[in-house]
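Please read the structure below before turning to the comments.
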Amino acid sequence: MIGWLAAPLPRPPEPMLSVLNTLTERLQLALEQAFPAAVGLLDPQLAAASKPEFGDFQANGALALAKSLRQPPRAVAEAIVARLADDPIVDALCLPPQIAGPGFINLTLRPQALVAQVAERLVDPRLGVPLEAAQAAVIVDFSSPNIAKEMHVGHLRSTIIGDCLARILEFRGQPVLRLNHVGDWGTQFGMLITHLKQVAPAALSTADAVDLGDLVVFYRQAKQRFDNDEAFQATARQEVVKLQGGDPLSLKAWGLLCDQSRREFEAIYKRLAIDIKERGESFYNPYLEAVLADLQTAGLLVRDDGAECVFLEGVSGKEGKPLPVIVRKSDGGYNYATTDLAAIRYRFAPPPAGDGARRLIYVTDAGQASHFAGVFQVARRAGWIPEGGRLEHVPFGLVQGEDGKKLKTRSGDTVRLKDLLDGAVERADADLRRRLAEEGRAESEEFIQQVASTVGLAAVKYADLSQNRTTNYQFSFDRMLALQGNTAPYLLYAVVRIAGIARKGGDLDSAGDGAPAEDGDGMPGRLTNAGELQFSEPQEWALVRHLLGFDAVIAEVEEELLPNRLCTYLFELSQVFNRFYDQVPVLKAPAEARGSRLALCRLTADTLKLGLGLLGIPTLERM
RNA sequence: GGGGCUGUAGCUCAGCCGGAUAGAGCGACGGUUUCCUAAACCGUAGGUCGUGGGUUCGAGUCCCGCCAGCCCCGCCA
């Protein structure tokens, strides 16, 4: 008998990811039936088809099996397909499997199966993305500007990528703690306070005695003195020790400087809609001694040249000597490695003396890779990482100018983040006004500013996120604001087009929303169940197939932490939609097709809005 | 010297556990608008995947060597 085929039918519609899983299970069973002797090394290798002509899924497993079975690949594939042909679950989902090329098995979903899934998506606000059971917190450590300095281009990628990853993890149901590990405690502070004591003591005792711009100048001066003046250097180092030791005057000066910087940071975060909790390096000050104590207990601490070090395993420096992580400087001060270790220790530790996290994600530039590798190793050897705890550095490349070099202003200074955002918004503004003039459109000043701001900031975010983060990123206002191509304006325009259909009489809100139809209301586009959805044009099917891929993309981004995968998906969705929009009428469609097309429009808009939202980009109704 | 990242079309980049004829955008060239916003759509041209070996039924993808660029390598973060 065929007991292994016994399964409940009909099966409910499921999102694509589940279809993939279901088909993988059925293929696995077919493999085990066809080749019982080879159980253990059977893998269907089912994946999305690489080309539309191959259907929806392709199984590559037969090819791998052929060798070990010493059979021709096509014969292996035929044996698998013969089993699949008897499987009612597969048959309910797919057309008869096809063998192609050297031995690929191609699966094409039945139209009814696709329609059923569209119907399910239409009534699911999560668009098929499952909500994971809540577990312990995930900490995303990103942005991390320095107090007494303005945010600059170096903070751009961390801020945008970190925010996006946090949004995606949250959407999946993870409790996410977004932490801003601001630089508020290091040697830089000693430098600045020492310098201010001499040139502008008022700044240390009176709030806002100097503005942030001046503070940046003072900081630069202090840095210069620190690099060139040994006496100043010694004084500055002592200042750090005093601060870290809790000296009241130093603490007060420090507090004033922090408040001032914080307001500037908050303005940028508000503008970019970044939600982040400040928890600077200073927060971990009370835990630094415990770090040393733990390392001592673990037998890792070594005094070398007056400094307390942990020597790394498997990492040798010059002359083959192991590389140290310095946790206490010879002057008694702690440095960033100590703070980073204290942070890891605290974040994994159970409450109330810790965050009880199970996963830490650090979004910083790739240049810090070896620093984190070292710190992570020390944390592991110190025993601070709990069972199953994950510690990940998510690196990204440099922001470069169009000349391929590190982005600088014309005068060679670091580009301020505020200026960068202003630049994008100004260009979007000028572009919009020119377009309005050309088209003879009249819009309110409020509309223009709103659109310019949304488009400009979206362009900056999208350009960054749409590139694989591991490579350096070439910053170009012209490219990111281009109206065609893989850009934010192109995607936003697709959403606007759908909103236009709604304004012109398309009832998107009720199209396929599952609400009971009012008898005889004659409302076009109102569909209530899968049975009423119907598609005929290839452009419709292409859109259907693309829409159903959303859940798989989100799962992939969550796993790989690569937002550019989501960007590619959304760009392609926009392209497929624009083709549909161009070649298939919606509002002027025959009555029997109109509702289904409106439903596709609504699902496209919902998918784009949700996807862009996960990138941190709001959409517009008109632009 | 050691370590890391990168090298794919003229330019900017994708390429998801190794899978079918390596993709996209821009730029170039040529088309499309009585019709829901042409910010669009359709088409053409363009590649020794840095290079030399190796593993494999199959390599842009994995391993080794080499070349080039960028970054890091004890008291900055």
Side-chain angles (χ1 to χ4, degrees), chain A residues 43 45 47-48 50-51 54 58 60 63-64 66-67 73 100-104 106 144 146 181 183 185-188 191 223 226 237 281 304-309 315-320 323-331 333 335-337 339-340 364-371 373-374 395 397-398 400 402 404-406 431 435 439 441 466-468 470-474 476 478-479 482-487 489-490 492-494 496-498 500-506 552-553 556 559-560 562 564-565 567-568 571-572 575 578-579 581-583 585-589 601 622-623:
Chain A
D43 179 5
Q45 295 186 33
S50 57
K51 292 187 177 181
F54 301 150
Q58 63 182 56
N60 306 330
L63 288 164
K67 176 93 191 292
F104 297 101
N106 291 338
S144 308
N146 294 314
H181 193 73
W185 207 239
T187 304
Q188 49 177 5
M191 285 159 33
K223 170 77 174 147
F226 186 85
R237 288 220 165 99
E281 297 174 336
D304 190 79
D305 224 358
E308 297 291 347
C309 306
V315 188
S316 51
K318 287 163 188 160
E319 295 146 26
L323 224 53
V325 169
I326 294 176
V327 293
R328 178 147 51 191
K329 299 184 286 183
S330 51
D331 63 13
N335 63 6
Y336 63 98
T339 308
D340 282 344
T364 82
D365 68 276
Q368 297 188 49
S370 42
H371 162 66
L398 292 173
Q400 300 176 320
E402 288 180 77
K405 293 177 184 163
K406 195 171 172 181
D431 210 55
R435 175 166 296 283
E439 295 174 3
R441 280 168 65 190
S466 62
Q467 190 151 148
N468 185 317
T470 52
T471 54
N472 289 343
Y473 157 55
Q474 199 172 102
S476 163
D478 287 340
R479 278 204 292 270
L483 306 170
Q484 56 279 107
N486 189 6
T487 66
Y490 180 86
L492 291 173
Y493 181 59
V496 164
R497 283 188 133 177
I498 299 170
I501 290 175
R503 272 197 306 279
K504 293 277 178 143
V553 168
E556 187 184 319
E559 182 56 33
E560 313 278 337
L562 288 174
N564 67 303
R565 298 269 165 81
C567 293
T568 299
F571 172 56
E572 287 171 353
Q575 283 184 309
N578 276 327
R579 210 163 291 146
Y581 179 92
D582 190 62
Q583 297 165 9
V586 176
L587 293 178
K588 291 178 176 152
C601 287
R622 295 194 302 125
M623 63 192 279

To the nearest 0.5 Å, tell me how far [X] [atom1] sits from [Y] [atom2].
X      : Y      : atom1 : atom2 : result
A:K405 : A:Q474 : NZ    : CD    : 12.5 Å
A:N578 : A:Q583 : CG    : CD    : 10.5 Å
A:R497 : A:D582 : CZ    : CG    : 7.0 Å
A:D478 : A:E402 : CG    : CD    : 6.0 Å
A:H371 : A:D340 : NE2   : CG    : 4.0 Å
A:D304 : A:C309 : CG    : SG    : 5.0 Å

> By side chain to side chain donor-acceptor pair (under 3.5 Å), which residues pair with A:Q58, not counting sequence neighbours?
Replying inline: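 With neighbours one apart ignored, the set is A:S50, A:N60.
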
> For A:E572, which residues count as a side chain to side chain donor-acceptor pair (under 3.5 Å) partner, sequence neighbours excluded?
Replying inline: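 Per chain and number, A:E572 pairs via side chain to side chain donor-acceptor pair (under 3.5 Å) with no residue.
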
> Got a sec, which residues hit ring-ring contact (aromatic ring centres under 6.0 Å, His included) with A:F104, two or more places apart in sequence or on another chain?
Replying inline: none

Euclidean distance, atom [atom1] of residue [X] to atom [atom2] of [N] [Å, nearest integer]:
X      : N     : atom1 : atom2 : value
A:Y336 : B:C76 : OH    : P     : 9 Å
A:D582 : B:C35 : CG    : P     : 13 Å
A:E572 : B:A14 : CD    : P     : 14 Å
A:N335 : B:G74 : CG    : C1'   : 9 Å

On a whole-Å scale, what distance lies between the [atom1] atoms belonging to [N] and [M]?
N     : M     : atom1 : result
B:C70 : B:U12 : P     : 16 Å
B:A20 : B:C41 : C1'   : 29 Å
B:U8  : B:A59 : C1'   : 14 Å
B:G69 : B:U32 : C1'   : 44 Å
B:U6  : B:C62 : P     : 10 Å
B:A45 : B:G30 : C1'   : 11 Å
B:U61 : B:G43 : C1'   : 32 Å
B:U48 : B:A22 : C1'   : 14 Å

Phosphate OP1/OP2 of [N]: any [X] side-chain N/O under 4.0 Å:
X      : N     : result
A:Q467 : B:C13 : yes
A:Q583 : B:C41 : no
A:N564 : B:G15 : yes
A:T568 : B:C13 : no
A:Y581 : B:A39 : no
A:R435 : B:A39 : yes
A:R579 : B:C42 : yes

>> For nucleotides 17-27 of chain B, give me one character per nucleotide, 5' to 3': B if any protein heavy atom sits under 4.0 Å from the base, S if the only such contacts are to the sugar-phosphate, - if neither.
In response: --BBS-SSSS-

Taking only nitrogen or oxygen atoms into account, show me every contact under 3.5 Å that the protein makes with nucleotides 67-72 of chain B, one pair per line with its distance.
from	atom 1	to	atom 2	distance (Å)
B:C72	O2'	A:S370	OG	3.0

Base, sugar-phosphate, or nothing: which does [X] touch, judged by heavy atoms less than 4.0 Å apart?
X      : answer
A:D331 : nothing
A:P489 : nothing
A:V553 : nothing

> Could you go step by step and tell me if A:N468 and A:T470 meet the side chain to side chain donor-acceptor pair (under 3.5 Å) rule?
Replying inline: CA-CA 6 Å; A:N468 185 317; A:T470 52; 2.7 Å; yes

>> By nearest heavy atom, map A:Y473 and A:T470 onto RNA chain B; which one lands nearer the 5' end?
In response: A:T470

> RNA chain B: A:L483 or A:A307, which has the more 5' nearest nucleotide?
Replying inline: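 Nearer the 5' end of the strand: A:L483.
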
>> side-chain contact (heavy atoms from CB on, under 4.5 Å) for A:C601 and A:V586? Distances and angles first, verdict last.
In response: CA-CA 9 Å; A:C601 287; A:V586 176; 4.1 Å; yes

> So, for A:T487 and A:R479, which heavy atoms are closest and what is the spacing to 0.1 Å?
Replying inline: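 Here A:T487 and A:R479 meet closest at CG2-O, 3.3 Å.
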
The side chain of [X] is closest to which nucleotide in this list: [options]?
X      : options             : value
A:R441 : B:A39, B:C36, B:C41 : B:A39
A:Q474 : B:U12, B:G15, B:C35 : B:U12
A:T471 : B:A39, B:U6, B:A77  : B:U6
A:N468 : B:C76, B:A40, B:G15 : B:G15

> Would you say A:Q188 and A:F226 make side-chain contact, with heavy atoms under 4.5 Å?
Replying inline: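 Not in contact.
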
> Is A:R435 close to A:L483 at the side-chain level, that is, under 4.5 Å between some pair of heavy atoms?
Replying inline: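 Yes, side chains in contact.
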
>> Show me the dot-bracket string of RNA chain B, counting Watson-Crick or G-U pairs under 3.5 Å, with | for pairs to another strand and [ ] for crossing ones.
In response: (((((((..((((.....[...)))).(((((.......))))).....(((((..]....))))))))))))....

